[in-house]
Amino acid sequence: MARADQRRIEKDLNVLATFNSTPGQGLTRLSYTKEYRDAQAYLRTEMEKLGMSVRLDAIGNLIGRLAAGFPEEGQPGCEKNLNEQKEKPQETSMQPALAVGSHLDSVRGGGIFDGNMGIVCGLEVARMLQENNVRLRHPFEVIAIVEEEGNTFGSGIMGGKAIAGTLDESLLDALTDERGHTVRQVMQDFELNPASIVTVKRSSGNLAAFIEPHIEQGPVLESENLSVGVVDTIVGIRTREIEIVGRPDHGGTTPMHLRKDAVTAMTEVICRPRQTVEGLDDGTVLTCGSIRVEPGTVNVVPGKAVFSVECRSRNQESLNLVFEQVGIVLDKLREQGFVVLEKPLMELAPTHLSDRVTAALRRGLSTCGFTEKVLPSGAGHDSMCIAGITDVGMVFVASRDGRSHCPEEYSDPKDIADACNVVFEALMELDQIFN
Ligand SMILES: [Zn+2]
């Protein structure tokens, strides 16, 4: 049985960690920067060592590709021939590839595993193919996706959206970085050609399946003592900003029954849907993370409360149910004379990942002797968009203390090796079932 090598995984992650603009203060590798270019250069070298042909698409996704039937004894890329490699394997047509990857950019002051881990998994799987002399019927790609976190221009998942063909091209001129440079300018400075961004789009005709290994960024796997789990759904998100206007009055002289207290009204809006969520058993979560109160003085009845209500769920029905309850409370408050405004901040339907890929990954778990853990992703990923054009699956690796987007972010390289083994087994199956 093919086995991932934990030391190679550690080495890749440690080298990638050096391409960082804030050493000592977490990893900061924003897209289209010098550090980003250096990280791409490292990956390119590693891909080429494996006999992959490497290209950078028009938005800056780096794609390494092993031709189908690779590596064959006597062909470039085969271990025996690596040193005397002269020409790349020839492809007769653009066959649909099986791909593994994730994003190469980071948040500011983040950890070294988020994103990087999925690319390193892809590289390790390519090495496993090579050293076990496995010949896939499909080409195999490792994809390092650009600009997922959105920390440069304030809009994320740009590389993933370009692959899916859903990137709004007007953003290239509308969004700017902190220096005031547009996405288009920044891309041009990175020697890319934003005018041909449409060429980035893939389809199931040239991308048969995409697997994204990612750190869990939550505490579930660790709490169950598991190294790896399979993601079947990326949750839907509905976020509203709600403004309740009552009346500011003297906090000493106004009797309780004559008050129009916006904060008391707000707590009803928060508590009733919370009861609904607690009655669901599908992992739905509710967060009221932002609250602003006016006038915000200890001795004045609060006249205005502006707050967020965010619900995430794998089930659209649960999202609807929770916001139905919110609506009931808001209607009641209107009847009581409060002025209530609702502003939608985000509306994202749940993404159900490919049954075929998820099933193959689950079988990968059991083949490797692991518990068949299936969980939803509570965070958004490139996979969410790519699932619109082809079969997509995700694998999560346990995160220590559930931490991410901070220097404390950590996943055990042994657990990452487990994920590589699971992905490798799934790949063997997908290679057979896909045309
Ligand atoms: Zn990520």
Side-chain angles (χ1 to χ4, degrees), residues 19-22 27-41 43-44 54-63 101-110 114-115 119 143-203 206-207 210 212 234 236-241 290 308 343-349 351 379-390 392 405:
F19 307 123
N20 177 9
S21 66
T22 56
L27 176 72
T28 306
R29 187 194 307 130
L30 303 185
S31 303
Y32 313 121
T33 56
K34 157 122 187 18
E35 304 75 53
Y36 199 88
R37 191 187 296 280
D38 292 345
Q40 282 186 327
L43 292 176
R44 181 183 282 272
V54 185
R55 70 184 175 95
L56 197 60
D57 70 16
I59 196 163
N61 298 315
L62 187 77
I63 303 160
S102 189
H103 61 95
L104 187 59
D105 65 324
S106 78
V107 294
R108 294 171 201 270
D114 187 346
I119 303 165
I143 309 184
I145 301 174
V146 75
E147 195 54 15
E148 192 265 356
E149 297 287 7
N151 273 225
T152 307
F153 307 105
S155 177
I157 319 197
M158 291 178 67
K161 282 181 181 163
I163 291 173
T166 55
L167 181 69
D168 176 0
E169 281 193 48
S170 69
L171 294 180
L172 300 183
D173 301 301
L175 299 177
T176 55
D177 65 10
E178 55 193 12
R179 300 167 302 174
H181 296 182
T182 63
V183 185
R184 190 181 299 278
Q185 280 172 292
V186 171
M187 285 174 63
Q188 279 163 347
D189 291 346
F190 202 72
E191 290 155 26
L192 295 166
N193 181 10
S196 52
I197 229 156
V198 65
T199 61
V200 174
K201 184 180 177 342
R202 306 288 296 264
S203 70
N206 57 40
L207 185 62
F210 175 70
E212 182 173 16
I234 300 174
I237 306 175
R238 185 177 298 174
T239 315
R240 296 271 165 82
E241 184 183 83
S290 156
S308 61
K343 189 163 104 186
L345 295 184
M346 185 181 289
E347 182 72 51
L348 211 60
T351 306
H381 298 284
D382 290 305
S383 283
M384 206 161 66
C385 296
I386 301 172
I389 53 145
T390 193
V392 171
H405 285 187

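Along the sequence shown, residues are numbered consecutively beginning with 1.
Put simply, the side chain of Ile59 reaches to within 4.5 Å of the side chain of Leu167, judged on heavy atoms. Residues Ser308 and Glu241 fail the side-chain proximity criterion, which asks for heavy atoms closer than 4.5 Å. Between Ile143 and Asp382 there is no side-chain heavy-atom pair separated by less than 4.5 Å. Contact annotation: the side chain of Leu56 never approaches that of Glu191 to less than 4.5 Å [non-hydrogen atoms, C-beta and beyond]. Side chains of Met187 and Ile197 form a contact here, defined as non-hydrogen atoms less than 4.5 Å apart.
To the nearest 0.5 Å, atom OG1 of residue Thr182 and atom CG of residue Leu175 are 9.0 Å apart. To the nearest 0.5 Å, the span separating CG on Leu62 from CZ on Arg37 amounts to 12.0 Å. In this structure, CZ on Arg202 lies 5.5 Å from CD1 on Ile63, to the nearest 0.5 angstrom. The CD1 atom of Ile386 lies 9.5 Å from the CD1 atom of Ile157; values are rounded to the nearest 0.5 Å. Once rounded to the nearest 0.5 Å, the distance linking CD1 of Ile163 with CD1 of Ile389 reads 7.0 Å. Interatomic distance, OG1 of Thr33 versus CG of Asn20, reported as 10.0 Å (0.5 Å rounding).
Asp114 places no side-chain N or O within 3.5 Å of a backbone atom of His405 that could act as its donor or acceptor partner. Judged purely by atom type and a 3.5 angstrom limit, Asp38 has no side-chain atom pairing as donor or acceptor with the backbone of Phe19. Between the Asp105 side chain and the Glu148 main chain, a donor and an acceptor come within less than 3.5 Å of each other. Side chain of Thr28 to backbone of Gly109: a donor-acceptor contact under 3.5 angstrom is found. At distances below 3.5 Å, at least one donor-acceptor pair connects side-chain atoms of Glu212 with backbone N or O atoms of Ser383.
Here the shortest heavy-atom pairing between Gly160 and Ile145 reads N-CG2, 3.7 Å.
Taking the six-membered ring where the residue is Trp, Phe190 and Tyr32 present perpendicular rings, their angle passing 60° and hence far from 30°.
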